[in-house]
Each structure stands twice: as structure tokens, then as C-alpha cells.
Chemist: 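Sending over a structure as C-alpha cells; questions will come in a sec.
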Amino acid sequence: MAFDPPTVPATSIDAVDAMLKRLEVGRPKWVALSAKDRAAILRKCMVTTVDVADRWTEVACHVKGYAVDSNGHGEEYLGGTLAVMRNLRLFAEALDAGGAPPLPKKWQRPDGQWVAQVFPQGLLDKALFTGVTCDIWIEPGCEPSQGALYRDKAAGKVGDGGISVVLGAGNQSSIPPMDVLYKLVVDDEVCILKMNPVNEAIGPVIEDALRPLIDGGFLEVCYGGIEVGKHLTDHEQVTSIHITGSDRAHDAIIWGVGEEGAKNKLAGTPRLEKHITSELGCVSPVLVVPGPWTDAELDYHARQVASMLAYNCGFNCNGARLITVAKGWDLKDKFLAKVKEKLSATPTRVAYYPNAQKTWETFTEKYPNSTTLGTAPEGGLPWTILEGVTADDGQFALQNEPWCGIFSFVELDATTPEEFLLVAVPFANDKCWGTLSINLLVHPKTEKAVGDAFDRAIADLRYGGIAINCWSGLNYGLVNATWGAFPGHPLDNIESGQGVVHNGLLIDHPQKSVVRSPFIMAPTPAWFTDHKNNVALGKKMTRFEGAPSWFSVPGVALTAFKG
């Protein structure tokens, strides 16, 4: 029997129109609110979010077919309620600081490009995330300024705001509310959130979590499919659109569908002229720089790479898709074998996303010698490694995101770390679809030995989120980082999208965010899918974000060490 997630009745068109009328009343009120008044509302949302956190994760488990107290349940705290709580807290702190909270550090690179460190912000961060840093690289030619909207307001430049329709993602429950928060706080727009039919059952919980915003007249939540979505995007009162989804859905909104859509795109005449921002996925590479790894280090990173795929059953826009190694690395075969071993030991899950089976069949037909690992439950799919994927132009697996539990091993013609970096960067930039996120694993002895070559590689990578020795899921979850494509995608070749979200310290001109962790982290990182205590850790961290305190650190640390 196929898994049948719960549904919520579609909102009628008349009800949607009534919501937009209420938002039109709320729009000038939101624009007129001071930064401190906005912060106070967000702090009220922190209280209501904690109040519903347990129900939130239980509903998410029901949607995805996860057993309560399973690792999947823990992920719904860590990637769901915890991320939202961090977003609320960081934005509230930023607003209390007038839109420009203190930056831990900022500096200019030799070429003049500015970099702003945004994490850790203080001793609490250092205690809980030992050795983790996040730097936001600023667009060349721009200063590391913050909170442009609030500088303008302080100078008397007050705009009219707007109404944004946020088309929510169906995979991670934190994405819809966090996208809403960005539009409200950074773009000065009130929002109507349309939940994705995949996870619409979480919508009523999100409504309760963000009740202070709804009661204030600044947010409405509606439900339904394409009809409701099109009515919203085309509505004359809606001034902007934000979508987290696929490039195909984006193009249907902007250009249209079928023959008409193709003609519009070719002619450069979009059917809508509204401002649209988007986060649309990626064929995310993992660049494994060859080095003198010990058996323990090979084992640790094999666990990490397996987790990059298995987290959320592979339905992540930053899920690992291309495990890229140097052909001449003497530990290559041992590492790849360990990745397969760890993945085989990872329980498979219900493939809850629509068309997952069809996607899996499409990719495995293209690569018939693919390797399947693990025993899939009813309604599930095995973890799958596509065999025979090369770095040649035109490879299907390099240009198409496999929205399920699939990834590939790719070997590049290199032996030394220097050779690998020289070929891996252009491979990632020019042959892999999308620019959302990339992961690099590099031994500290190797990084030291190659000198400036590693720094040049990071500088040359055209990705919005770069994770060094960790998964780019940490870029997403920290919220201090920006989350979105590398700047520059035009509407007619949108790939990973335009614009960013998150950006907890309100950096004005972000180019990319670089998150770095120690080569080996202890205790077990929360995103490892073999974590033994992630439900308790997720609960405790969600509540900690509501009231960070040194008194709570020992309890969080003890919970983490049980992982």
C-alpha cells in the first residue's frame, strides 16, 4: 500500500482574495513599524514556535512516513523548528541593533574584495560549535554594509512596501516560514504563503507558530495546487514572488507553459514583469581533495558523505549528488568502498515525494549498471549509486538533479592535491548544473601543503554556499550564512535561482557564504544520519534558541555527546 500523506482542503479563490485585501490593509502598518517593534513581534513568534515545536515535528513525521523517535524525527527538529528559531532570534537581534548587528570581523582580500565573518558571534557560539566559522564574501566593488532598508528608513526614505506571494517548498518544513521572514524583514513586504501540497499538513502548525504576524495583518497562509498558485502570482495586488522549487516551476510562472512558454522565453518576453526571487536546486558536488587520511578519517567522512545523501531521504536541494575524487589518489577505492558500506548500513525511508519512483527510473535507465544499497520499505527506494558517470560534457547526471536517494562517483584525471584543485574547480563551475551549494573535504596537512592554491580554489568557485569539511546543510541551518545561488543567473537560464534568504546579520551585497568546520568534529555532528540522539538534541537546541544561556550549555553539550 502506497504512503498517503495527510491533506488540507484547498483555499477557495474568494478566500484568497479576502486574504489579499487584509494584507493590503496590513501593508502600510508593517512599513510604518520601527525596527524594535518588528523585533518584538518576532520574539513573540519565538514563544509561539516553541509552543508548537513538538506538534510541528510529529506532523512532519506523518507527512514523510517517519517513525516517531526515529532519526528522521530528529531531522525535523534540526532542519525544521531549530532553523526557524535561529532565524527568528537572529533577525530580532539584528532589528534591535537597527539592522546592523556587530560583525565579529571583516577584512579585504588582496584583490580588494571584502569578506565579513558572521559566525561565531560570541563565546556561546564558540562553545557550542567549536571550530566552526562562517564568512560572507561581498560582491566585488561593494562594502560590507548591513541593513540597507533600515538605513534608508532612518534617513527618511520610506517606501510603500508590497505584497509578496511565497510559494513554499515541499521538502523541508523550515523553508516556507524562513522565506516569509526574509521577505518581511529584508524586503519590507507582507506575505501570503501558499503551502506546497506535499507538506501542506504542516501549514496549520506554521500558522500557529507565526500567529503574532497573522494577527497583526502581515501574513496569510493558503493552500491548493496550480490554480491557487497561478491566481496569486498573476494577481494585480501581488507585487513580488518568491519560489523555492524547481527551475521548471519558475519558468512556468515567468514564461508560461507549452508552446507559448517556449516562444516567450525565446523572444525574451516574460508573461509577468513582477520581481521574482528563487531557490531552485543544484547538482551539488562533493570535492574530495586527495590527502594522507587515516582509517579513522576515511571512516568519519564516509559517514558524512552518506549522510549528505540520506538526510531527508535525499529530497534536499543541497544533497550530495557527485562524489568527486582524484583518479590517482591511493586511498580512492578504500574511501568509495567505505561510503558504500556506510550507505548500506543506513536505513532506507519512504520516498514520500511525488514522482520519486519515476525520477529514480529515469536515472537508472540512463545508467543501467547502477548499484543499489539497502532494502527499501514498501513505498521506498534503495539508496542508489550511478555507475559510469564521467566528467565528460553532456553527462546526464551532471546536468540533471536526481530528486531522490541517488548520487554518483566521478573521477577526475589528477593525482596530487594541486592537480585535483586545478581540474575540480572548472569541473564544478562549468560542467555541473546549478550554483547553490558545494562541499569540499580537505585534510589540514594537505591544505597547508598546497599553500595559496586552496584559497584560490575557494575564490574561484561560483557557488552561493561553500562548505569546507562539513555538509552545506550547515550553511542552511546556521542562518548566519546567506542561502541562495551564486549571483548572475538571468531569467532565461535560471539554474539555481536569483537572490538569497536567511542572511541573519543582514549583509547588503552578499556573493557567497563559506562555512568551515574542523576536519574531524566531536561529538558526532547533528547532521550525521547515524546520530544516536538527534531527537533529544533537536528538542533541546530548539528550546535553547528561544533563550540562549550559559546555564543551558551543559545540558545541550551532554545531549550532543550522547550522539
Side-chain angles (χ1 to χ4, degrees), residues 19-46 84 87-101 139 142 145-168 175-194 210 212-221 232-233 235-244 272-279 479 482-484 487 497-510:
M19 290 177 175
L20 290 170
K21 288 180 181 178
R22 290 195 293 270
L23 287 173
E24 186 56 39
V25 173
R27 176 187 55 77
K29 295 179 181 178
W30 178 256
V31 170
L33 279 180
S34 70
K36 287 194 176 294
D37 286 341
R38 292 181 177 192
I41 294 173
L42 297 189
R43 292 189 187 282
K44 289 179 182 178
C45 289
M46 292 167 70
V84 173
N87 202 160
L88 286 165
R89 178 176 67 79
L90 288 172
F91 275 178
E93 291 174 355
L95 290 169
D96 278 336
E139 288 254 43
C142 297
S145 60
Q146 298 165 265
L149 173 67
Y150 300 95
R151 292 200 313 276
D152 286 347
K153 285 178 179 286
K157 301 175 185 177
V158 181
D160 296 327
I163 298 178
S164 179
V165 55
V166 174
L167 301 175
I175 296 175
M178 292 169 78
D179 290 351
V180 162
L181 291 173
Y182 191 85
K183 296 300 292 184
L184 283 161
V185 171
V186 180
D187 290 345
D188 218 20
E189 295 177 313
V190 295
C191 295
I192 182 164
L193 165 64
K194 190 191 84 65
L210 301 184
L213 286 166
I214 293 174
D215 290 348
F218 313 130
L219 171 65
E220 296 283 350
V221 182
L232 281 168
T233 58
H235 201 285
E236 61 181 8
Q237 285 183 286
V238 168
T239 54
S240 78
I241 302 163
H242 180 81
I243 176 174
T244 298
L272 289 179
E273 295 289 348
K274 297 177 183 180
H275 179 60
I276 183 168
T277 51
S278 51
E279 191 267 87
V479 188
T482 52
W483 188 246
Q498 292 184 349
V500 300
V501 289
H502 302 186
N503 193 15
L505 276 62
L506 306 187
I507 300 293
D508 288 331
H509 306 286

Chemist: What distance do His235 atom NE2 and Ile241 atom CD1 have between them, rounded to the nearest 0.5 Å?
Modeler: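 Result: 13.0 Å between the selected atoms.
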Chemist: Sort out for me which residue in Arg27, Lys183, Arg38 forms a salt bridge (Lys or Arg N to Asp or Glu O under 4.0 Å) with Asp188.
Modeler: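 Testing each of Arg27, Lys183, Arg38 against Asp188, the sole residue satisfying salt bridge (Lys or Arg N to Asp or Glu O under 4.0 Å) is Arg38.
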Chemist: At what distance, to the nearest 0.5 angstrom, does CE of Met178 lie from CG of Asn87?
Modeler: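 Here the rounded value is 4.0 Å.
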Chemist: Can you tell me how far the OG1 atom of Thr482 sits from the CG atom of Leu506, to the nearest 0.5 Å?
Modeler: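 CG of Leu506 is found 12.0 Å from OG1 of Thr482.
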Chemist: In the structure I gave you, are the side-chain heavy atoms of Val238 and Thr233 within less than 4.5 Å of one another anywhere?
Modeler: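 Side chain of Val238 against side chain of Thr233, heavy atoms only: no contact under 4.5 Å found.
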Chemist: Is there side-chain contact between Ser240 and Asp187, with heavy atoms separated by less than 4.5 Å?
Modeler: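 In short, these two side chains do not touch, never coming nearer than 4.5 Å.
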Chemist: Quick check: do Asp508 and Cys142 have side-chain heavy atoms less than 4.5 Å from each other?
Modeler: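 No; the side chains remain at least 4.5 Å from each other.
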Chemist: Quick check: do Cys45 and Leu213 have side-chain heavy atoms less than 4.5 Å from each other?
Modeler: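 With C-beta onward as the side chain, the pair touches.
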Chemist: What heavy-atom pair brings Glu220 and Arg22 nearest, and what distance separates the two atoms?
Modeler: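 So the two residues come closest at OE2-NE, 2.8 Å.
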Chemist: With side chains defined as the heavy atoms from C-beta onward, is the minimum distance between Leu181 and Leu42 less than 4.5 Å?
Modeler: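 Yes. Closest side-chain heavy atoms under 4.5 Å.
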Chemist: List the atom of Gly504, the atom of Ala94, and the distance in Å for their closest heavy-atom pair.
Modeler: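 Answer, listing the atom of Gly504 first, then Ala94: O-CB, 3.8 Å.
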Chemist: Relative to each other, are the rings of His502 and Trp483 parallel, tilted or perpendicular (30° and 60° limits)?
Modeler: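 Ring orientation of His502 relative to Trp483: parallel.
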Chemist: Please confirm whether the backbone N or O of Ile163 pairs with a side-chain atom of Thr239, one donor and one acceptor, at under 3.5 Å?
Modeler: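 Looks like yes, one N/O pair under 3.5 Å.
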Chemist: Minimum heavy-atom separation for Lys153 to Val31, with atom names?
Modeler: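 For Lys153 and Val31, the tightest heavy-atom pair comes out as NZ-O, 2.9 Å.
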Chemist: Using side-chain heavy atoms (C-beta onward) and a distance below 4.5 Å, is His242 in contact with His275?
Modeler: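 No - every pair of side-chain heavy atoms lies 4.5 Å or more apart.
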Chemist: Which heavy atom in Ile41 sits nearest to a heavy atom in Trp30, and how many Å separate them?
Modeler: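 So the minimum-distance heavy-atom pair works out to CD1-CZ3, 4.3 Å.
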Chemist: May I have the step-by-step check of side chain to side chain contact (heavy atoms under 4.5 Å, CB included) for Leu505 and Gln146, ending in yes or no?
Modeler: CA-CA 7 Å; Leu505 276 62; Gln146 298 165 265; 4.0 Å; yes
Chemist: Between Lys44 and Asp215, is there a side-chain N and carboxylate O pair less than 4.0 Å apart?
Modeler: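 Looking at Asp215 together with Lys44, the answer is no, because their closest N to O distance does not fall below 4.0 Å.
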Chemist: With rounding to the nearest 0.5 angstrom, report the CG to CG distance, Leu193 to Asp179.
Modeler: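 That separation rounds to 8.5 Å.
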Chemist: Can you give me the closest heavy-atom contact between Phe218 and Lys29, atom names plus distance?
Modeler: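 Nearest heavy atoms, Phe218 then Lys29: CE2-CB, 4.0 Å.
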Chemist: Would you say Thr277 and Tyr182 make side-chain contact, with heavy atoms under 4.5 Å?
Modeler: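 Thr277 does not reach Tyr182 side chain to side chain.
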Chemist: For Leu219, which of Val166, Val180, Leu23, Val190 qualifies under side-chain contact (heavy atoms from CB on, under 4.5 Å)?
Modeler: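 With Leu219 as partner, Val166, Val180, Leu23, Val190 yield a single side-chain contact (heavy atoms from CB on, under 4.5 Å), made by Val180.
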Chemist: Let's go through Lys36 and Asp96 carefully: what are the C-alpha distance in whole Å and the side-chain angles of both, what is the deciding distance for side chain to side chain contact (heavy atoms under 4.5 Å, CB included) to 0.1 Å, and is it a yes or a no?
Modeler: CA-CA 5 Å; Lys36 287 194 176 294; Asp96 278 336; 4.0 Å; yes
Chemist: Whether the side chain of Ser278 engages the backbone of Gln498 through a donor-acceptor N/O pair (distance < 3.5 Å, no angle test) should be reported.
Modeler: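 Looks like yes, one N/O pair under 3.5 Å.
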Chemist: CG/Leu90 to CG/Leu95 distance, rounded to the nearest 0.5 angstrom?
Modeler: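 One finds 11.0 Å between CG of Leu90 and CG of Leu95.
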Chemist: For residues Glu189 and Ser164, report the shortest heavy-atom separation together with the two atoms involved.
Modeler: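 For Glu189 versus Ser164, the nearest heavy atoms are OE1-CB, 3.6 Å.
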Chemist: Between Met46 and Arg43, is there a side-chain heavy-atom distance shorter than 4.5 Å?
Modeler: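 Arg43 reaches Met46 side chain to side chain.
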